[in-house]
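Reading through the C-alpha coordinates given below for one structure.
Every chain is numbered from 1 and lettered A, B, ... according to where its sequence line falls, protein lines coming before strand lines.
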2 protein chains.
Amino acid sequence: MCHAGGMRADARKNYDHLLEVARGIVAEHGADASLRDIARRAGVGLGTLYRHFPTREALLEALLRSSFGDLTARAEHLGRSVPPGEALLTWVRECTRFTTTYHGVTQVMVAAIEEPDSALHASCVELRAAGARLLSRAQDAGAARPGTDGTDLFALIAGLAWLGDQPALAPRAEHLFDVIAVPALGGHDVVGATVHADHELPTTG
Amino acid sequence: MCHAGGMRADARKNYDHLLEVARGIVAEHGADASLRDIARRAGVGLGTLYRHFPTREALLEALLRSSFGDLTARAEHLGRSVPPGEALLTWVRECTRFTTTYHGVTQVMVAAIEEPDSALHASCVELRAAGARLLSRAQDAGAARPGTDGTDLFALIAGLAWLGDQPALAPRAEHLFDVIAVPALGGHDVVGATVHADHELPTTG
DNA sequence: ACCTGAACACCGTTCAAGT
DNA sequence: ACCTGAACACCGTTCAAGT
(Lines give C-alpha, C1' and ligand atoms only; values in the text may rest on other atoms or scores of the structure.)
Protein backbone atom coordinates (compact mmCIF):
# COMPACT_ATOMS: atom_id res chain seq x y z
CA MET A 1 0.00 0.00 0.00
CA CYS A 2 0.94 3.63 -0.31
CA HIS A 3 0.43 4.75 3.26
CA ALA A 4 4.10 4.61 4.07
CA GLY A 5 5.46 6.98 1.45
CA GLY A 6 5.39 10.76 1.28
CA MET A 7 3.76 11.60 4.54
CA ARG A 8 4.80 14.62 6.52
CA ALA A 9 6.48 13.72 9.79
CA ASP A 10 3.63 14.97 12.01
CA ALA A 11 1.03 13.23 9.84
CA ARG A 12 2.95 10.00 9.98
CA LYS A 13 3.10 10.23 13.75
CA ASN A 14 -0.64 10.85 13.99
CA TYR A 15 -1.33 7.95 11.66
CA ASP A 16 0.71 5.51 13.69
CA HIS A 17 -0.63 6.64 17.02
CA LEU A 18 -4.21 6.56 15.75
CA LEU A 19 -3.71 3.00 14.61
CA GLU A 20 -2.21 1.96 17.90
CA VAL A 21 -5.08 3.46 19.88
CA ALA A 22 -7.66 2.04 17.46
CA ARG A 23 -6.25 -1.44 17.91
CA GLY A 24 -6.98 -1.33 21.61
CA ILE A 25 -10.41 0.20 21.32
CA VAL A 26 -11.55 -2.07 18.50
CA ALA A 27 -10.24 -5.07 20.45
CA GLU A 28 -12.40 -3.95 23.35
CA HIS A 29 -15.53 -2.65 21.64
CA GLY A 30 -15.48 -4.44 18.33
CA ALA A 31 -15.75 -3.27 14.74
CA ASP A 32 -18.54 -0.85 15.68
CA ALA A 33 -16.35 1.07 18.11
CA SER A 34 -16.93 4.81 18.26
CA LEU A 35 -14.64 6.65 15.86
CA ARG A 36 -15.06 9.76 17.97
CA ASP A 37 -13.79 7.83 20.94
CA ILE A 38 -10.74 6.65 19.03
CA ALA A 39 -9.87 10.17 17.90
CA ARG A 40 -10.45 11.50 21.41
CA ARG A 41 -8.26 8.95 23.12
CA ALA A 42 -5.59 9.46 20.49
CA GLY A 43 -5.62 13.16 21.35
CA VAL A 44 -6.39 14.05 17.76
CA GLY A 45 -9.14 15.96 15.97
CA LEU A 46 -11.95 13.95 14.47
CA GLY A 47 -11.10 15.29 11.04
CA THR A 48 -7.61 13.86 11.34
CA LEU A 49 -8.98 10.40 11.77
CA TYR A 50 -11.17 10.84 8.71
CA ARG A 51 -8.25 12.17 6.73
CA HIS A 52 -6.14 9.11 7.38
CA PHE A 53 -9.00 6.62 7.31
CA PRO A 54 -11.76 8.01 5.12
CA THR A 55 -13.99 5.09 6.02
CA ARG A 56 -14.40 2.63 8.87
CA GLU A 57 -13.35 -0.17 6.54
CA ALA A 58 -10.12 1.66 5.79
CA LEU A 59 -9.31 1.67 9.47
CA LEU A 60 -10.18 -1.99 9.87
CA GLU A 61 -8.13 -2.82 6.82
CA ALA A 62 -5.11 -1.15 8.36
CA LEU A 63 -5.68 -3.10 11.56
CA LEU A 64 -6.13 -6.45 9.83
CA ARG A 65 -3.73 -6.14 6.90
CA SER A 66 -0.83 -8.10 8.33
CA SER A 67 -3.06 -10.85 9.71
CA PHE A 68 -4.69 -11.30 6.33
CA GLY A 69 -1.29 -11.62 4.78
CA ASP A 70 -0.28 -14.16 7.39
CA LEU A 71 -3.35 -16.29 6.72
CA THR A 72 -2.83 -16.26 2.98
CA ALA A 73 0.80 -17.25 3.42
CA ARG A 74 -0.23 -19.88 5.91
CA ALA A 75 -2.57 -21.44 3.36
CA GLU A 76 0.23 -21.74 0.85
CA HIS A 77 2.55 -23.22 3.42
CA LEU A 78 0.00 -25.79 4.59
CA GLY A 79 -0.73 -26.63 0.98
CA ARG A 80 2.88 -27.66 0.50
CA SER A 81 3.70 -29.34 3.78
CA VAL A 82 0.56 -31.16 4.94
CA PRO A 83 -1.84 -33.74 3.46
CA PRO A 84 -4.75 -32.10 1.59
CA GLY A 85 -7.58 -32.89 3.98
CA GLU A 86 -5.65 -31.95 7.08
CA ALA A 87 -4.31 -28.77 5.47
CA LEU A 88 -7.82 -27.62 4.62
CA LEU A 89 -9.25 -28.37 8.03
CA THR A 90 -6.36 -26.76 9.88
CA TRP A 91 -6.53 -23.62 7.79
CA VAL A 92 -10.29 -23.26 8.19
CA ARG A 93 -9.85 -23.62 11.93
CA GLU A 94 -7.17 -20.97 12.04
CA CYS A 95 -9.20 -18.57 9.92
CA THR A 96 -12.20 -19.05 12.15
CA ARG A 97 -10.17 -18.31 15.25
CA PHE A 98 -8.55 -15.26 13.74
CA THR A 99 -11.87 -13.77 12.68
CA THR A 100 -12.94 -13.86 16.31
CA THR A 101 -10.09 -11.51 17.26
CA TYR A 102 -12.23 -8.41 16.80
CA HIS A 103 -15.94 -8.61 17.56
CA GLY A 104 -18.20 -8.01 14.60
CA VAL A 105 -15.48 -8.24 11.99
CA THR A 106 -17.07 -11.24 10.29
CA GLN A 107 -20.01 -9.24 9.01
CA VAL A 108 -17.72 -6.60 7.56
CA MET A 109 -15.64 -9.23 5.80
CA VAL A 110 -18.63 -10.91 4.23
CA ALA A 111 -20.00 -7.59 3.07
CA ALA A 112 -16.62 -6.54 1.67
CA ILE A 113 -16.34 -9.50 -0.67
CA GLU A 114 -19.12 -8.17 -2.88
CA GLU A 115 -18.26 -4.48 -2.66
CA PRO A 116 -15.24 -3.71 -4.82
CA ASP A 117 -15.01 -0.24 -3.30
CA SER A 118 -14.53 -1.53 0.22
CA ALA A 119 -11.03 -1.14 1.58
CA LEU A 120 -11.25 -4.74 2.71
CA HIS A 121 -12.30 -6.11 -0.66
CA ALA A 122 -8.87 -7.12 -1.95
CA SER A 123 -7.83 -8.85 1.26
CA CYS A 124 -11.05 -10.84 1.45
CA VAL A 125 -10.97 -11.91 -2.16
CA GLU A 126 -7.37 -12.99 -1.72
CA LEU A 127 -8.30 -14.98 1.36
CA ARG A 128 -11.13 -16.66 -0.49
CA ALA A 129 -8.80 -17.57 -3.34
CA ALA A 130 -6.27 -19.05 -0.95
CA GLY A 131 -9.02 -21.16 0.60
CA ALA A 132 -10.32 -22.19 -2.79
CA ARG A 133 -6.89 -23.58 -3.70
CA LEU A 134 -6.74 -25.66 -0.52
CA LEU A 135 -10.27 -26.86 -1.12
CA SER A 136 -9.81 -27.96 -4.71
CA ARG A 137 -6.56 -29.68 -3.79
CA ALA A 138 -8.42 -31.61 -1.10
CA GLN A 139 -11.24 -32.38 -3.50
CA ASP A 140 -8.80 -33.72 -6.08
CA ALA A 141 -7.35 -36.00 -3.41
CA GLY A 142 -10.80 -37.22 -2.39
CA ALA A 143 -10.28 -35.62 1.02
CA ALA A 144 -13.12 -33.12 0.66
CA ARG A 145 -16.59 -33.48 -0.76
CA PRO A 146 -17.14 -32.19 -4.29
CA GLY A 147 -19.72 -29.58 -5.26
CA THR A 148 -18.40 -26.75 -3.14
CA ASP A 149 -16.29 -23.74 -4.05
CA GLY A 150 -14.32 -20.94 -2.44
CA THR A 151 -17.41 -18.92 -1.62
CA ASP A 152 -18.95 -21.86 0.21
CA LEU A 153 -15.76 -22.23 2.18
CA PHE A 154 -15.70 -18.53 2.95
CA ALA A 155 -19.30 -18.73 4.11
CA LEU A 156 -18.53 -21.73 6.27
CA ILE A 157 -15.67 -19.89 7.95
CA ALA A 158 -17.77 -16.77 8.36
CA GLY A 159 -20.69 -18.68 9.83
CA LEU A 160 -18.51 -20.46 12.35
CA ALA A 161 -16.68 -17.27 13.22
CA TRP A 162 -19.98 -15.50 13.75
CA LEU A 163 -21.18 -18.27 16.04
CA GLY A 164 -17.94 -18.05 17.98
CA ASP A 165 -18.50 -14.32 18.31
CA GLN A 166 -21.81 -14.78 20.11
CA PRO A 167 -21.33 -14.76 23.88
CA ALA A 168 -23.95 -17.49 24.27
CA LEU A 169 -22.13 -19.85 21.91
CA ALA A 170 -18.47 -18.91 22.25
CA PRO A 171 -17.76 -21.65 24.82
CA ARG A 172 -18.96 -24.25 22.31
CA ALA A 173 -16.91 -22.89 19.42
CA GLU A 174 -14.61 -25.92 19.18
CA HIS A 175 -17.47 -28.35 19.46
CA LEU A 176 -19.47 -26.50 16.82
CA PHE A 177 -16.47 -26.68 14.55
CA ASP A 178 -16.45 -30.46 14.90
CA VAL A 179 -20.19 -30.71 14.43
CA ILE A 180 -20.52 -28.32 11.51
CA ALA A 181 -17.26 -27.75 9.67
CA VAL A 182 -15.83 -31.24 9.78
CA PRO A 183 -18.79 -33.05 8.22
CA ALA A 184 -19.38 -30.22 5.77
CA LEU A 185 -15.85 -30.51 4.45
CA GLY A 186 -15.09 -34.17 4.88
CA GLY A 187 -15.06 -36.29 1.74
CA HIS A 188 -14.72 -39.57 3.59
CA ASP A 189 -16.69 -40.75 6.58
CA VAL A 190 -15.71 -38.54 9.49
CA VAL A 191 -18.13 -39.63 12.18
CA GLY A 192 -15.31 -41.41 13.98
CA ALA A 193 -12.64 -39.96 16.23
CA THR A 194 -9.71 -39.51 13.89
CA VAL A 195 -10.62 -36.00 12.86
CA HIS A 196 -10.33 -34.63 16.36
CA ALA A 197 -6.59 -35.02 16.23
CA ASP A 198 -5.40 -31.41 16.17
CA HIS A 199 -7.94 -30.24 18.70
CA GLU A 200 -5.40 -28.80 21.11
CA LEU A 201 -3.67 -26.32 18.87
CA PRO A 202 -1.98 -23.47 20.70
CA THR A 203 -4.13 -20.32 20.81
CA THR A 204 -1.07 -18.17 20.23
CA GLY A 205 -2.29 -17.13 16.73
CA MET B 1 -49.43 -12.95 27.58
CA CYS B 2 -51.11 -10.19 29.57
CA HIS B 3 -51.01 -7.43 26.97
CA ALA B 4 -54.61 -7.98 25.93
CA GLY B 5 -56.35 -7.49 29.24
CA GLY B 6 -57.23 -4.33 31.17
CA MET B 7 -55.99 -1.70 28.79
CA ARG B 8 -57.80 1.57 28.37
CA ALA B 9 -59.39 1.93 24.97
CA ASP B 10 -57.01 4.67 23.75
CA ALA B 11 -53.99 2.76 25.03
CA ARG B 12 -55.13 -0.39 23.31
CA LYS B 13 -55.53 1.51 20.05
CA ASN B 14 -52.05 2.99 20.35
CA TYR B 15 -50.60 -0.41 21.14
CA ASP B 16 -52.14 -2.04 18.10
CA HIS B 17 -51.27 0.75 15.74
CA LEU B 18 -47.71 0.92 17.02
CA LEU B 19 -47.31 -2.77 16.38
CA GLU B 20 -48.71 -2.50 12.89
CA VAL B 21 -46.38 0.35 11.99
CA ALA B 22 -43.44 -1.38 13.63
CA ARG B 23 -44.03 -4.49 11.55
CA GLY B 24 -43.55 -2.54 8.36
CA ILE B 25 -40.55 -0.57 9.51
CA VAL B 26 -38.76 -3.57 11.02
CA ALA B 27 -39.47 -5.53 7.86
CA GLU B 28 -37.80 -2.76 5.91
CA HIS B 29 -34.96 -1.69 8.20
CA GLY B 30 -34.39 -4.77 10.33
CA ALA B 31 -34.20 -5.35 14.05
CA ASP B 32 -32.09 -2.22 14.48
CA ALA B 33 -34.78 0.06 13.09
CA SER B 34 -35.09 3.48 14.69
CA LEU B 35 -37.60 3.44 17.54
CA ARG B 36 -38.03 7.17 17.12
CA ASP B 37 -38.99 6.58 13.54
CA ILE B 38 -41.58 3.98 14.52
CA ALA B 39 -43.18 6.30 17.08
CA ARG B 40 -43.10 9.18 14.64
CA ARG B 41 -44.73 7.27 11.81
CA ALA B 42 -47.31 5.90 14.23
CA GLY B 43 -48.16 9.48 15.18
CA VAL B 44 -47.40 8.78 18.80
CA GLY B 45 -45.07 10.23 21.42
CA LEU B 46 -41.79 8.45 21.97
CA GLY B 47 -42.74 7.85 25.60
CA THR B 48 -45.82 5.95 24.48
CA LEU B 49 -43.71 3.49 22.57
CA TYR B 50 -41.51 2.96 25.62
CA ARG B 51 -44.56 2.53 27.84
CA HIS B 52 -45.92 -0.29 25.72
CA PHE B 53 -42.58 -1.79 24.80
CA PRO B 54 -40.09 -0.98 27.52
CA THR B 55 -37.32 -2.57 25.53
CA ARG B 56 -36.53 -3.29 21.91
CA GLU B 57 -36.77 -7.02 22.61
CA ALA B 58 -40.29 -6.51 23.95
CA LEU B 59 -41.28 -4.99 20.64
CA LEU B 60 -39.62 -7.76 18.66
CA GLU B 61 -41.25 -10.34 20.86
CA ALA B 62 -44.65 -8.88 20.09
CA LEU B 63 -43.82 -8.96 16.39
CA LEU B 64 -42.53 -12.52 16.43
CA ARG B 65 -44.77 -14.14 19.02
CA SER B 66 -47.22 -15.84 16.70
CA SER B 67 -44.50 -17.06 14.32
CA PHE B 68 -42.62 -18.60 17.21
CA GLY B 69 -45.78 -20.37 18.25
CA ASP B 70 -46.31 -21.59 14.72
CA LEU B 71 -42.81 -23.01 14.51
CA THR B 72 -43.12 -24.82 17.81
CA ALA B 73 -46.46 -26.31 16.77
CA ARG B 74 -44.98 -27.19 13.41
CA ALA B 75 -42.21 -29.17 15.11
CA GLU B 76 -44.73 -31.20 17.03
CA HIS B 77 -46.79 -31.82 13.94
CA LEU B 78 -43.80 -32.91 11.88
CA GLY B 79 -42.69 -35.13 14.74
CA ARG B 80 -45.93 -37.04 14.49
CA SER B 81 -46.51 -37.16 10.78
CA VAL B 82 -43.15 -37.51 9.07
CA PRO B 83 -40.15 -39.86 9.34
CA PRO B 84 -37.59 -38.63 11.93
CA GLY B 85 -34.79 -37.56 9.60
CA GLU B 86 -37.04 -35.79 7.17
CA ALA B 87 -38.98 -34.10 9.98
CA LEU B 88 -35.80 -32.71 11.46
CA LEU B 89 -34.42 -31.47 8.16
CA THR B 90 -37.69 -29.91 7.08
CA TRP B 91 -38.12 -28.11 10.39
CA VAL B 92 -34.58 -26.77 10.40
CA ARG B 93 -35.11 -25.46 6.91
CA GLU B 94 -38.34 -23.74 7.85
CA CYS B 95 -36.79 -22.19 10.96
CA THR B 96 -33.89 -20.90 8.93
CA ARG B 97 -36.20 -19.32 6.41
CA PHE B 98 -38.39 -17.74 9.05
CA THR B 99 -35.44 -16.18 10.84
CA THR B 100 -34.58 -14.36 7.66
CA THR B 101 -37.94 -12.56 7.71
CA TYR B 102 -36.56 -9.62 9.68
CA HIS B 103 -32.95 -8.61 9.12
CA GLY B 104 -30.72 -8.94 12.14
CA VAL B 105 -33.16 -10.94 14.22
CA THR B 106 -30.83 -13.94 14.43
CA GLN B 107 -28.35 -12.14 16.63
CA VAL B 108 -31.10 -11.05 19.02
CA MET B 109 -32.43 -14.60 19.26
CA VAL B 110 -29.05 -16.08 20.03
CA ALA B 111 -28.40 -13.44 22.66
CA ALA B 112 -31.84 -13.94 24.21
CA ILE B 113 -31.30 -17.61 24.92
CA GLU B 114 -28.79 -16.86 27.64
CA GLU B 115 -30.48 -13.79 29.08
CA PRO B 116 -33.48 -14.79 31.16
CA ASP B 117 -34.56 -11.15 31.41
CA SER B 118 -34.95 -10.79 27.67
CA ALA B 119 -38.53 -10.63 26.45
CA LEU B 120 -37.53 -13.15 23.79
CA HIS B 121 -36.01 -15.62 26.22
CA ALA B 122 -39.04 -17.85 26.72
CA SER B 123 -39.84 -18.12 23.01
CA CYS B 124 -36.28 -19.01 22.10
CA VAL B 125 -35.91 -21.59 24.83
CA GLU B 126 -39.17 -23.14 23.73
CA LEU B 127 -38.00 -23.23 20.14
CA ARG B 128 -34.76 -24.88 21.17
CA ALA B 129 -36.66 -27.49 23.16
CA ALA B 130 -38.93 -28.25 20.23
CA GLY B 131 -35.86 -28.72 18.03
CA ALA B 132 -34.17 -30.86 20.64
CA ARG B 133 -37.13 -33.25 20.63
CA LEU B 134 -36.99 -33.63 16.86
CA LEU B 135 -33.25 -34.11 17.04
CA SER B 136 -33.24 -36.82 19.68
CA ARG B 137 -36.07 -38.59 17.90
CA ALA B 138 -33.98 -38.60 14.74
CA GLN B 139 -30.92 -39.72 16.66
CA ASP B 140 -32.84 -42.63 18.20
CA ALA B 141 -33.88 -43.69 14.73
CA GLY B 142 -30.33 -43.49 13.44
CA ALA B 143 -31.36 -40.68 11.13
CA ALA B 144 -29.17 -38.04 12.76
CA ARG B 145 -25.62 -38.23 14.03
CA PRO B 146 -25.18 -38.59 17.77
CA GLY B 147 -23.23 -36.21 19.98
CA THR B 148 -25.27 -33.10 19.31
CA ASP B 149 -27.94 -31.41 21.40
CA GLY B 150 -30.59 -28.70 21.14
CA THR B 151 -28.09 -25.90 21.51
CA ASP B 152 -26.02 -27.25 18.64
CA LEU B 153 -29.15 -27.40 16.53
CA PHE B 154 -30.10 -23.87 17.53
CA ALA B 155 -26.61 -22.70 16.61
CA LEU B 156 -26.80 -24.45 13.27
CA ILE B 157 -30.09 -22.76 12.47
CA ALA B 158 -28.79 -19.41 13.66
CA GLY B 159 -25.59 -19.72 11.64
CA LEU B 160 -27.46 -20.60 8.46
CA ALA B 161 -30.01 -17.86 9.05
CA TRP B 162 -27.22 -15.35 9.57
CA LEU B 163 -25.56 -16.41 6.33
CA GLY B 164 -28.87 -16.07 4.54
CA ASP B 165 -29.19 -12.58 5.98
CA GLN B 166 -25.96 -11.40 4.36
CA PRO B 167 -26.64 -9.78 0.99
CA ALA B 168 -23.51 -11.35 -0.45
CA LEU B 169 -24.61 -14.88 0.45
CA ALA B 170 -28.39 -14.76 0.38
CA PRO B 171 -28.60 -16.09 -3.21
CA ARG B 172 -26.71 -19.19 -2.09
CA ALA B 173 -28.84 -19.83 0.97
CA GLU B 174 -30.37 -23.05 -0.32
CA HIS B 175 -27.06 -24.37 -1.52
CA LEU B 176 -25.39 -23.53 1.79
CA PHE B 177 -28.15 -25.40 3.55
CA ASP B 178 -27.33 -28.50 1.51
CA VAL B 179 -23.60 -28.09 2.01
CA ILE B 180 -23.65 -27.28 5.72
CA ALA B 181 -26.86 -28.38 7.43
CA VAL B 182 -27.48 -31.65 5.65
CA PRO B 183 -24.10 -33.24 6.37
CA ALA B 184 -24.02 -31.79 9.88
CA LEU B 185 -27.32 -33.45 10.72
CA GLY B 186 -27.25 -36.59 8.62
CA GLY B 187 -26.63 -39.85 10.45
CA HIS B 188 -26.28 -41.87 7.27
CA ASP B 189 -24.27 -41.07 4.20
CA VAL B 190 -25.92 -38.10 2.52
CA VAL B 191 -23.48 -37.23 -0.24
CA GLY B 192 -25.90 -38.56 -2.80
CA ALA B 193 -28.96 -36.90 -4.28
CA THR B 194 -31.78 -38.21 -2.10
CA VAL B 195 -31.60 -35.42 0.45
CA HIS B 196 -32.36 -32.73 -2.07
CA ALA B 197 -35.92 -33.94 -2.36
CA ASP B 198 -37.87 -31.10 -0.75
CA HIS B 199 -35.77 -28.42 -2.29
CA GLU B 200 -38.65 -26.64 -3.95
CA LEU B 201 -40.81 -25.89 -0.95
CA PRO B 202 -43.12 -22.91 -1.39
CA THR B 203 -41.74 -19.73 0.14
CA THR B 204 -45.14 -18.78 1.46
CA GLY B 205 -44.04 -19.13 5.14
C1' DA C 1 -53.88 5.88 33.48
C1' DC C 2 -52.01 7.34 29.88
C1' DC C 3 -49.69 10.55 26.68
C1' DT C 4 -46.30 14.17 25.14
C1' DG C 5 -42.10 16.11 23.94
C1' DA C 6 -38.12 18.44 25.75
C1' DA C 7 -33.68 17.19 27.67
C1' DC C 8 -29.43 14.58 27.96
C1' DA C 9 -25.69 12.16 26.28
C1' DC C 10 -24.27 10.06 22.70
C1' DC C 11 -23.36 8.88 17.39
C1' DG C 12 -21.20 9.53 12.02
C1' DT C 13 -19.92 12.83 8.71
C1' DT C 14 -18.67 17.25 6.71
C1' DC C 15 -16.26 21.41 6.20
C1' DA C 16 -14.81 26.30 7.12
C1' DA C 17 -11.11 28.21 9.49
C1' DG C 18 -6.68 27.99 11.08
C1' DT C 19 -1.19 26.79 11.00
C1' DA D 1 -0.24 19.83 3.64
C1' DC D 2 -2.21 18.96 7.52
C1' DC D 3 -5.01 19.73 11.68
C1' DT D 4 -9.04 21.33 14.55
C1' DG D 5 -13.51 21.48 16.26
C1' DA D 6 -18.01 23.42 15.51
C1' DA D 7 -22.15 22.24 12.97
C1' DC D 8 -25.70 19.16 11.27
C1' DA D 9 -28.72 15.48 11.45
C1' DC D 10 -29.41 11.71 13.59
C1' DC D 11 -29.74 8.07 17.70
C1' DG D 12 -31.68 5.64 22.62
C1' DT D 13 -33.48 6.66 27.02
C1' DT D 14 -35.56 9.23 30.76
C1' DC D 15 -38.84 12.01 32.98
C1' DA D 16 -41.41 16.31 34.34
C1' DA D 17 -45.54 18.20 32.88
C1' DG D 18 -49.89 17.74 31.11
C1' DT D 19 -54.98 15.43 30.29
Side-chain angles (χ1 to χ4, degrees), chain A residues 2-22 25-26 28-63 103-105 107-108 111 115 117-120, chain B residues 2-22 25-26 28-63 103-105 107-108 111 115 117-120:
Chain A
C2 44
H3 303 273
M7 246 192 281
R8 228 167 59 179
D10 54 344
R12 163 104 247 168
K13 196 178 158 189
N14 277 337
Y15 179 92
D16 291 338
H17 188 224
L18 224 22
L19 212 51
E20 184 191 328
V21 170
I25 295 185
V26 172
E28 193 179 357
H29 292 87
D32 297 326
S34 161
L35 299 179
R36 229 191 199 87
D37 198 22
I38 293 172
R40 200 158 32 209
R41 292 214 222 172
V44 141
L46 197 41
T48 303
L49 187 150
Y50 274 93
R51 160 171 284 265
H52 287 301
F53 308 103
T55 190
R56 180 174 235 108
E57 266 105 347
L59 177 58
L60 290 174
E61 196 275 334
L63 288 179
H103 294 294
V105 119
Q107 188 138 17
V108 187
E115 289 186 49
D117 293 341
S118 167
L120 282 162
Chain B
C2 46
H3 303 272
M7 246 193 279
R8 229 166 61 179
D10 55 344
R12 161 105 249 167
K13 196 177 158 191
N14 277 337
Y15 180 91
D16 291 339
H17 188 224
L18 224 22
L19 211 51
E20 185 190 328
V21 170
I25 296 185
V26 172
E28 193 179 357
H29 292 89
D32 296 326
S34 161
L35 300 180
R36 229 193 200 86
D37 198 23
I38 293 173
R40 198 158 35 207
R41 292 214 223 174
V44 138
L46 196 42
T48 302
L49 187 149
Y50 273 93
R51 160 171 282 267
H52 287 302
F53 309 103
T55 190
R56 179 173 237 112
E57 267 105 346
L59 177 59
L60 291 174
E61 196 275 335
L63 288 178
H103 293 295
V105 120
Q107 188 137 16
V108 187
E115 288 186 49
D117 293 341
S118 168
L120 282 162

Side-chain donor/acceptor pairs under 3.5 Å, residues 32-49 of chain B, sequence neighbours excluded:
unit_1	atom_1	unit_2	atom_2	d
B:S34	OG	B:R36	N	3.3
B:S34	OG	B:D37	N	3.0
B:D37	OD2	B:R41	NH2	3.4

Who pairs with A:A11 by side chain to side chain contact (heavy atoms under 4.5 Å, CB included), at least two apart in sequence or on another chain?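 Only A:M7, A:R8, A:H52 meet the side chain to side chain contact (heavy atoms under 4.5 Å, CB included) criterion with A:A11.
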- Message: I'd like to check the side chain to side chain contact (heavy atoms under 4.5 Å, CB included) partners of A:Q107; sequence neighbours left out, ordered by chain and number.
- Response: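 If we apply the side chain to side chain contact (heavy atoms under 4.5 Å, CB included) test to A:Q107, skipping adjacent residues, the hits are B:W162, B:Q166.
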Over all atoms of both residues, closest heavy-atom pair of B:A31 and B:R56
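Scanning both residues, the minimum pair turns out to be O-NE, 2.8 Å.
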Looking at every non-hydrogen atom in both residues, tell me the closest pair between A:A62 and A:F53 and how far apart they are.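 So the minimum-distance heavy-atom pair works out to CB-CE2, 3.9 Å.
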- Query: What is the nucleic acid contact for B:R56, judged by heavy atoms within less than 4.0 Å: base, sugar-phosphate only, or nothing?
  - Reply: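 B:R56: backbone/sugar contact only, no base atoms under 4.0 Å.
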The dot-bracket string of DNA chain D, counting Watson-Crick and G-U wobble pairs with both distances under 3.5 Å, using [ ] for crossing pairs and | for pairs to another strand, is ||.|||||...|||||.||
- Query: At what distance, to the nearest 0.5 angstrom, does CD of A:E28 lie from NE2 of A:H103?
  - Reply: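 With rounding to 0.5 Å, CD (A:E28) is 9.5 Å from NE2 (A:H103).
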- Message: Just to be sure I understand the geometry, which residues of residues 33-45 of chain A put a non-hydrogen atom under 4.0 Å away from DNA chain C?
- Response: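 Hits under 4.0 Å, by residue number: A:A33, A:S34, A:L35, A:R36, A:R40.
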Checklist line | Flag side-chain contact, heavy atom, 4.5 Å: A:L59 against A:L19 | finding: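 A:L59 reaches A:L19 side chain to side chain.
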For chain B, the stretch of DNA chain C it reaches, first to last nucleotide, under 4.0 Å of its heavy atoms: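 Terminal contacting nucleotides, 5' to 3': C:dA1 to C:dA7.
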Fill in: Most 5' of B:R8 and B:G47 on DNA chain C, judged by nearest nucleotide
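In this pair, the answer is B:R8.
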